[in-house]
Number of protein chains: 2
Amino acid sequence: MSMGVDGGHRDTQADPHADAPAAAPRRATISDVAREAGTGKTSISRYLNGELSVLSPDLRARIEAAIERLDYRPNQMARGLKRGRNRLLGLLLADLANPYSVEVLQGVESACHALGYMPLICHAANEVDMERRYLQLLTTYRVEGVIVNALGVRESMLKPVGSGGIPAVLVDRTVDGLDADVVGLDNAAAVRLGVEHLLERGYDDLVFVVQPFEHVSSRREREAAFRHATQDAQHAKTVAHATQVLDLREEDAVAPALDALDAHLAQAAKRGARCALFAANAPVALRLALHLKARFGAQWPQHVGLIAIDDPEWAELAGITTIRQPTREIGYRAVEFLHERIEGAAPAARAAAFPGELVVRASTLG
Amino acid sequence: MSMGVDGGHRDTQADPHADAPAAAPRRATISDVAREAGTGKTSISRYLNGELSVLSPDLRARIEAAIERLDYRPNQMARGLKRGRNRLLGLLLADLANPYSVEVLQGVESACHALGYMPLICHAANEVDMERRYLQLLTTYRVEGVIVNALGVRESMLKPVGSGGIPAVLVDRTVDGLDADVVGLDNAAAVRLGVEHLLERGYDDLVFVVQPFEHVSSRREREAAFRHATQDAQHAKTVAHATQVLDLREEDAVAPALDALDAHLAQAAKRGARCALFAANAPVALRLALHLKARFGAQWPQHVGLIAIDDPEWAELAGITTIRQPTREIGYRAVEFLHERIEGAAPAARAAAFPGELVVRASTLG
DNA sequence: CTGTTAGCGCCTTCAA
DNA sequence: TTGAAGGCGCTAACAG
């Protein structure tokens, strides 16, 4: 159950009779430093915490020297235990293989540096079960707050801060029934941007392709926005639209979905319609591009349009039009929100929705 | 200097006069559980550590209930402080934007789960300075060992385990003067595999493209292996070869390097030679592919061959031949090595070199 | 089988 | 300006 199964660990203690070079010289503690500097632990502690003004220059110099000589590093664990805060932030990521996550992570890290936190990164690899375990583990390490970008985290795994839970902020997706800060893309605007671009380019049969979206708010929002944008009064009569679910986690379900898509494309072609696919995110886009290439050859963009939310590094190489998210900002803001709550501010749950940016490439030349 | 700048943090303590719902109900401690269960802390501790056999069924049930009722989670920090081991492993990664790192990470995680460790992931974003800071930080959190895949870590930042340093294992690259375990690709064999493939396909002018390699052992090894493979007796007279450095961190240096490459390609064409580029890793390959596409259009593989070490997800889409590394195994093995050392084994430094696998695609059709 | 005691390394009153 | 003492949450001898 618990991750730390440590039964059966022989506590290999240094053999006093071994002629090895100074068997495992324990790291120096604050007491060692105090002794070395000829003073009490209190002064060392003061020094460590920057209360330099209350230390005589002499003592201060001795302490400095002692620390240097012993290569002393204060033990964060002990510090944390004592003061009740360890400067650890949990970051739960559903899928690090998705470039989006890595970019958000970069923003998170940079904010952590600025604010003095150490991010504890947990990668759930798209497994709901892992998410639960990691959340427990983070709790166990007493992180001061968590940033969550998960697939199946439930409200019950993450009690709202009011009821004794850890401060939490959600990235990209909400959790049903959980009243926490959320930061992510302005999905409605981003999708609208994409749809308008496709219409401008003359596509009149749009298919939104998305992973199962019932349980992921951002997917839900994007799908809904797609329907609204295409049903919009000014287009309603001229634009065909449909949604195709593509479950990338079920390899067996992918082929049928792609077949359905092919059928749709064939029909559209017969009608003389110009068809374009709107991928809800990068993983979907990759899968679609691979399929289209296999089916139509390298010239596939002449047959079908393709646009995607997310702008992975390979989009440029593949010539795919995208809607880029300000991922780093998203990560940065998440930490800022979290920091405020950790510091005690308790405003109502906030939501930060960042705008996406259209990057036009060859896949939507029309 | 230190990351944990925490001066100026108002310790916002709960206002006892606020009518808020039960101001921040502190997490239950072992004492709380003991009281709730009507027993002493020791029994609780025993329960937590799986010494169930020495507890009367009755006590055991009461403890179980108390824990449940209080939603108690043992504090890992306190545990670690006491027993001197916190089950934390540091993982220092030079660049998470490189898919290689993410894949290695997955192997690391899966091994950590199996062995009961919690990986503390640090992302240095290709900054040597970050690497140093993170290494210090890890030290400060008393991780039991570190897995290092860094750019500029020096021996001085990572004292060998014998002299009081933390157990360390290196991934993909060694550190000068540091006698630690290393796990990575069998570079010589992988490069040979690639060169032979290119020769078979009829290329007779090979250019190895690599980031600055003086300080990164794997790049050095690959470059050397390339020279050896091409100078090999049986090819020496028929194959032209060269090495081109491409420093991706210096945007200003990229264009000149690509120009040089272009010149080389032009000359080769004039001589009627069949030219192929051998990218030392995925980031280089991406950059090259982008350039070739811009220069020769989508049909670039008809002009130049391209092969790369690493097999990122976009390689399939771009149709680039690669030599795939068993990245997950690499990460897994790294943890295993580290675990053994943490457990006290002190064998001589080992090296695990895994074989690469050739994945042929359209970029080397000849 | 169960509880008491003494710290792990550090911070924090409190008194000198 | 300095130091001694107590305790954060937990484990590990010792007793009973």
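Every chain is numbered from 1, with letters handed out A, B, ... down the list of sequences.
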Separation of atom [atom1] in [X] from atom [atom2] in [N], rounded to whole Å:
X      : N      : atom1 : atom2 : answer
B:L52  : C:dC1  : CG    : P     : 12 Å
B:Y141 : C:dC8  : OH    : P     : 22 Å
A:R27  : C:dC8  : CZ    : P     : 18 Å
A:L48  : C:dC10 : CG    : P     : 8 Å
B:K82  : C:dC8  : NZ    : P     : 7 Å
A:I30  : C:dC10 : CD1   : C1'   : 6 Å

Open item on the list: Side-chain N or O of B:Y47 versus OP1/OP2 of C:dT2: is the shortest distance under 4.0 Å?
Closed with: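 No, outside the criterion.
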TODO: Would you please confirm or rule out a distance under 4.0 Å between OP1 or OP2 of C:dC10 and any side-chain N or O of A:R79?
DONE: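 No, outside the criterion.
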Open item on the list: I need the full list of salt bridge (charged side-chain N to carboxylate O under 4.0 Å, His left out) pairs touching residues 144-154 of chain A, with sequence neighbours left out, sorted by first then second residue.
Closed with: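 Sorted pair list: A:R85-A:E144, A:R87-A:E144.
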Open item on the list: Please list all pairs meeting salt bridge (charged side-chain N to carboxylate O under 4.0 Å, His left out) that have one or both residues in residues 116-129 of chain A, counting only residues at least two apart or in different chains.
Closed with: A:D129-A:R132
Open item on the list: On a heavy-atom basis, which atom in B:R73 and which in A:R142 lie closest, and how many Å separate them?
Closed with: O-NH2, 2.7 Å
TODO: Identify the two heavy atoms, one from A:V335 and one from A:A111, that lie closest to each other, and give their separation to 0.1 Å.
DONE: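 Looks like CB-CB, 3.5 Å.
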When you measure from the side chain of [X] to the backbone N and O of [Y], does any donor-acceptor pair fall under 3.5 Å?
X      : Y      : answer
B:E131 : B:L151 : yes
B:N75  : B:M77  : yes
A:R46  : A:L55  : no
A:R62  : A:G38  : yes

Open item on the list: Given B:L138, which partner from the list B:V143, B:L89, B:I166, B:L91 fulfils the side chain to side chain contact (heavy atoms under 4.5 Å, CB included) test?
Closed with: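 Only match with B:L138 under side chain to side chain contact (heavy atoms under 4.5 Å, CB included): B:V143.
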- [ ] Strictly below 4.0 Å, heavy-atom distances to any atom of DNA chain C: list the hits from residues 31-43 of chain B, or just say none.
- [x] B:T39, B:G40, B:T42, B:S43
TODO: Select from B:R142 and B:R46 the residue whose nearest nucleotide in DNA chain C is closer to the 5' end of that strand.
DONE: B:R46
Task: Stepwise salt bridge (charged side-chain N to carboxylate O under 4.0 Å, His left out) test for A:R60 and A:D58 - done: CA-CA 5 Å; A:R60 188 165 150 183; A:D58 171 51; over 6 Å; no
Task: Toward the 5' end of DNA chain D, by each residue's nearest nucleotide, B:A78 or A:L55 - done: A:L55
- [ ] Mind checking A:S45 for me? I need base, sugar-phosphate or nothing, with any heavy atom below 4.0 Å counting as a touch.
- [x]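 Base contact.
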- [ ] Looking at every strand, decide which applies to B:I44 at a 4.0 Å heavy-atom threshold: base, sugar-phosphate, or nothing.
- [x]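 Result for B:I44 = nothing.
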- [ ] Tell me, with the steps shown, if A:R27 and A:D32 meet salt bridge (charged side-chain N to carboxylate O under 4.0 Å, His left out).
- [x] CA-CA 9 Å; A:R27 275 212 92 78; A:D32 298 329; over 6 Å; no
Open item on the list: Using a 4.0 Å cut-off on heavy atoms, which residues in residues 58-65 of chain A reach DNA chain D? List them by number, or say none.
Closed with: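 Those residues are A:L59.
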Open item on the list: Between A:Y134 and A:H123, does the ring-ring contact (aromatic ring centres under 6.0 Å, His included) criterion hold? Intermediate values first, please.
Closed with: CA-CA 8 Å; A:Y134 268 128; A:H123 173 213; 8.4 Å; no
Task: Axis-to-axis angle between the two ends of the helix from C:dC1-D:dG16 to C:dA16-D:dT1 (five base pairs per end, rounded to 10 degrees) - done: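 Comparing the first five pairs with the last five, the axes sit 40° apart.
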- [ ] Would you verify whether the NZ or CZ of A:R350 falls within 45 degrees of the ring axis of A:F337 while also being under 6.0 Å from that six-membered ring's centre?
- [x] yes
Task: Gap separating the OG atom of A:S43 from the CD1 atom of A:I63, nearest 0.5 angstrom - done: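 Here the rounded value is 5.5 Å.
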TODO: Extract, from 5' to 3' on DNA chain D, the first and final nucleotides lying under 4.0 angstrom from some heavy atom of chain A.
DONE: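 Answer, 5' to 3': D:dT1 to D:dG9.
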